[in-house]
Each structure stands twice: as C-alpha cells, then as structure tokens.
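A short write-up of the structure that comes next.
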Amino acid sequence: MDYLKQNSIVIEEIKDGIILKNVWDFNAKHIFECGQCFRWDKEDDDSYTGIAFGKVINVKSFKNNEIKILNTNIEDFKRIWFEYFDLGRDYSRIKKVLSADDTMKLAIKHGEGIRILKQDPWETLISFIISANNRISMIARSINIFSQMYGQAIIYNGKVYHAFPTIKDLSDTEFSNIRDCKAGFRCKYIIEAIKMIGSGEIDLEKIKNMETIEAEKELKRIPGVGSKVANCILLFSMQKYDTYPVDIWMKRVTEELFLKRESKAGEISDFAKEKFNDLSGFAQEYLFYYARELKIGKE
DNA sequence: TTGCAGGGGTCAA
DNA sequence: TTGACCCCTGCA
C-alpha cells in the first residue's frame, strides 16, 4: 500500500504568501517539534519560521484545516512545499491502520498532526551527524553557525537567515575554523562527510534509490554515521518508511509500552519491523513525540 | 563560585 | 562490551 491520495487542497494567493484549504492531518507544532528537523523557530503567534531548500518561509496551521504560508507563492508551493510537507499522503489512513493497536491509538492522539517532511538528504546527513550524543538546542545552534559560516544569506522581514550550505558552497573551503560551529568531536566527521560527498565517493541520490538495508549499509561508510543516524537520514530525507530509528527515547518508550522489559537496540528495531512493517517510520514519529511530551520511561 | 553529570551515538579497543 | 569524546546546561 502506498497511502497516496487524490489531493483536494485549495490554494489561494494572498499578499506575501498563500492560504491552503482542506489540508488534513497538519499541525505545525507537531511537525516541527517531533524531532525530525532543526531549522524551524516558533514565533510569538505560534507560527514557525524556517529555512529549507534555500528559502525562508513562515508557516501557521489553523484548526479549520487551513494553513498559511508566508514569503512564498503558488509556483513555489507546487514546486517545493507540496512535496516537502508530504501533502500527497493520506495520514488519516496511516493513523487508522496504526490505531488498531490501543497503545498506538493513544500516542497518535498526542501527535495527530505529525507529517514526515521530505528533507534534503545532504542537509539531513550533516544535521544528524551533529545530533549524536547532543542536545536539541545545541544541535540547532551548531547547524545555524555552520550555515552562517558557509551558506547563502537570505533576508526575510528585515532579518538575516542563512541557507544550509550546498556541497558547491563548500568545495574550496579549508575548514580551518570549523570548530567555531561548536560541534565538538563531530567536526572531524563533518569534514570527512563533506569530502566523501564532494568527491562523489558517496552518492546520496544513488543511496536514495537503493533498498533500505543496502542504503543503510552505504550511509554507515561515512564516519559519524551509525545505525541511528543512518535510519534518521533514511526516514527524514529518503522516504524509507520501513525504518525505526532507535535513540534513547525510542528505547525507553518501546520497552515501556510494548516489550515490558530491558532490551538491546537490535531487538527493538526487530520488534518494530515485525509489528509496524512499512509503517515503522510513522509509528516511530508518533511514539517519539508521545514519549517526549510525557517523558515516558524517564523517572 | 566551582564542580560534576549527562545529553535524540559513534568509534575504537 | 565499554569508555572517551566537545560543549553546554542544570543543579548541588
């Protein structure tokens, strides 16, 4: 099953942006705070301003299934944001299937508006290398500094933002001051990753077209990329929904809600594969958000 | 004020 | 299987 659906979204152009109507299963807070992305900041009006694919936009979701996106137009929506927000997928159906399990039903209730973004694989790779044994606020900060150092400046509302640097932006860089981005021991991994992608030794587009198992193996050739980071890249930027990234939170929540015992990382991903199959990635996101909201497993 | 644990893992021994 | 690893925050 592919869970795709006929799109019934109505697009209306307004001054500085667009309004989308008939958008189901979309909650900005759930989407931007479920751990999949690091470049979206909450504003005072509960909207989120973020940077992706070299653009800055502001997104606000409303209870009546309307979404307002500022600093964009219909053309960019069709070209970039429709796919980025995975608007062609029927999350209602996914939730219905997963809700056959009572525990999942409860978790989904907390994050009912989660959607898995289709992010840029290159940016996702570097971002999740930085995420290893790190805190969210620190990860976001490092990515921001890294972007300021090497990425293109974008002005929006009188404020300067920086696009995540493309591999081209980095081609002649020395990286003598890479440590300024405060990524600590991960800096050496970042440099190695840049070299491997830049030289073509690793081809992310090719990996995206591989089967999940092969793709994970290939990603793990990059230093700083282990199982968890590889699975995040696969899920958040390569549409491999049969993945179940296991970090400390997923270990806690899976043990507490399903396995009812201590277990190893391998056991947890085996369990997920068995139980959720090709919806593992979606289940993972609902559970992750639920676990963090309720601090499950953390005494 | 200082000191120490620990955080959305990975690597090397 | 285990400890080190940058950097920073929270808390004693």
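Computed from a predicted structure; not experimentally measured.
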Original post:
NA contact type, A/Pro223, heavy-atom cut-off 4.0 Å: base, sugar-phosphate, or nothing?
Top reply: sugar-phosphate
Original post:
Are a donor atom and an acceptor atom from the side chains of A/Arg39 and A/Ser147 found within less than 3.5 Å of each other?
Top reply: yes
**OP:** Have a look at A/Lys228 and say if it touches a base, only the backbone sugar-phosphate, or nothing, with a 4.0 Å heavy-atom cut-off.
**Re:** base
Original post:
Would you say the side-chain atoms of A/Ser8 and A/Asn22 include a donor-acceptor pair closer than 3.5 Å?
Top reply: no
Original post:
Base, sugar-phosphate, or nothing: which does A/Gly35 touch, judged by heavy atoms less than 4.0 Å apart?
Top reply: base
**OP:** State whether the number of non-hydrogen atoms from other residues, nucleotides or ligands found under 6.0 Å of A/Lys188 atom NZ is greater than 12.
**Re:** yes
**OP:** Just call it for A/Ile222: base, sugar-phosphate, or nothing, with non-hydrogen atoms closer than 4.0 Å on any strand.
**Re:** sugar-phosphate
**OP:** Remember a base hit wins even if backbone is also touched, and classify A/Arg292 as base, sugar-phosphate or nothing at under 4.0 Å, heavy atoms.
**Re:** base
Subject >> Separation of atom CD1 in A/Ile126 from atom C1' in B/dG9, rounded to whole Å >> reply: 16 Å
Subject >> Gap between atoms CG and C1', on A/Asn134 and B/dG7 respectively (whole Å) >> reply: 7 Å
Original post:
A/Phe185 has an atom CZ; how far is it from atom C1' of B/dT10, in whole Å?
Top reply: 7 Å
Subject >> Gap between atoms CD1 and P, on A/Ile191 and B/dT10 respectively (whole Å) >> reply: 19 Å
Original post:
Closest to the A/Lys182 side chain: C/dC6, C/dC8, B/dG9?
Top reply: C/dC8
**OP:** Select from A/Phe38 and A/Tyr189 the residue whose nearest nucleotide in DNA chain B is closer to the 5' end of that strand.
**Re:** A/Phe38
**OP:** Quickly work out the A/Lys188 NZ to C/dA4 P distance and round it to whole Å.
**Re:** 15 Å
**OP:** Would you mind reading off the distance between A/Ile139 atom CD1 and B/dG9 atom P, rounded to a whole angstrom?
**Re:** 8 Å
Original post:
What does A/Ser137 touch in the nucleic acid at a heavy-atom separation under 4.0 angstrom: a base, only the sugar-phosphate, or nothing?
Top reply: nothing
Subject >> Side chains of A/Asn58 and A/Thr49, donor plus acceptor under 3.5 Å >> reply: yes
**OP:** Return yes if a side-chain donor-acceptor contact under 3.5 Å exists between A/Ser61 and A/Asn27, otherwise no.
**Re:** no
Original post:
So does A/Lys78 have more than 12 non-hydrogen atoms from other groups sitting under 6.0 Å from NZ?
Top reply: no
Original post:
Could one point to a donor on the side chain of A/Arg186 or the base of C/dC6 with an acceptor on the other under 3.5 Å away?
Top reply: yes
**OP:** Report the secondary structure of DNA chain B in dot-bracket form, marking unpaired bases with a dot and bases paired to a different strand with |, and treating Watson-Crick or G-U pairs with both distances under 3.5 Å as paired.
**Re:** .||||||.|||||
In a table with atom names and distances, give each donor-acceptor pair under 3.5 Å that connects a side chain of residues 150-162 of chain A to protein atoms at least two apart or in another chain.
| unit_1 | atom_1 | unit_2 | atom_2 | d |
| --- | --- | --- | --- | --- |
| A/Gln152 | NE2 | A/Asp169 | OD1 | 3.2 |

Subject >> Closest-nucleotide ordering on DNA chain B, the 5'-leading residue of A/Lys220 and A/Phe288 >> reply: A/Phe288
Original post:
Taking atom C1' of B/dG8 as reference, at what distance in whole Å does atom CD of A/Glu33 sit?
Top reply: 15 Å
Original post:
Is the number of heavy atoms from other residues, nucleotides or ligands within 6.0 Å of CD1 (A/Ile213) greater than 12?
Top reply: no
Subject >> Rounded distance (Å) that lies between atom C1' of C/dC5 and atom CE of A/Met138 >> reply: 14 Å
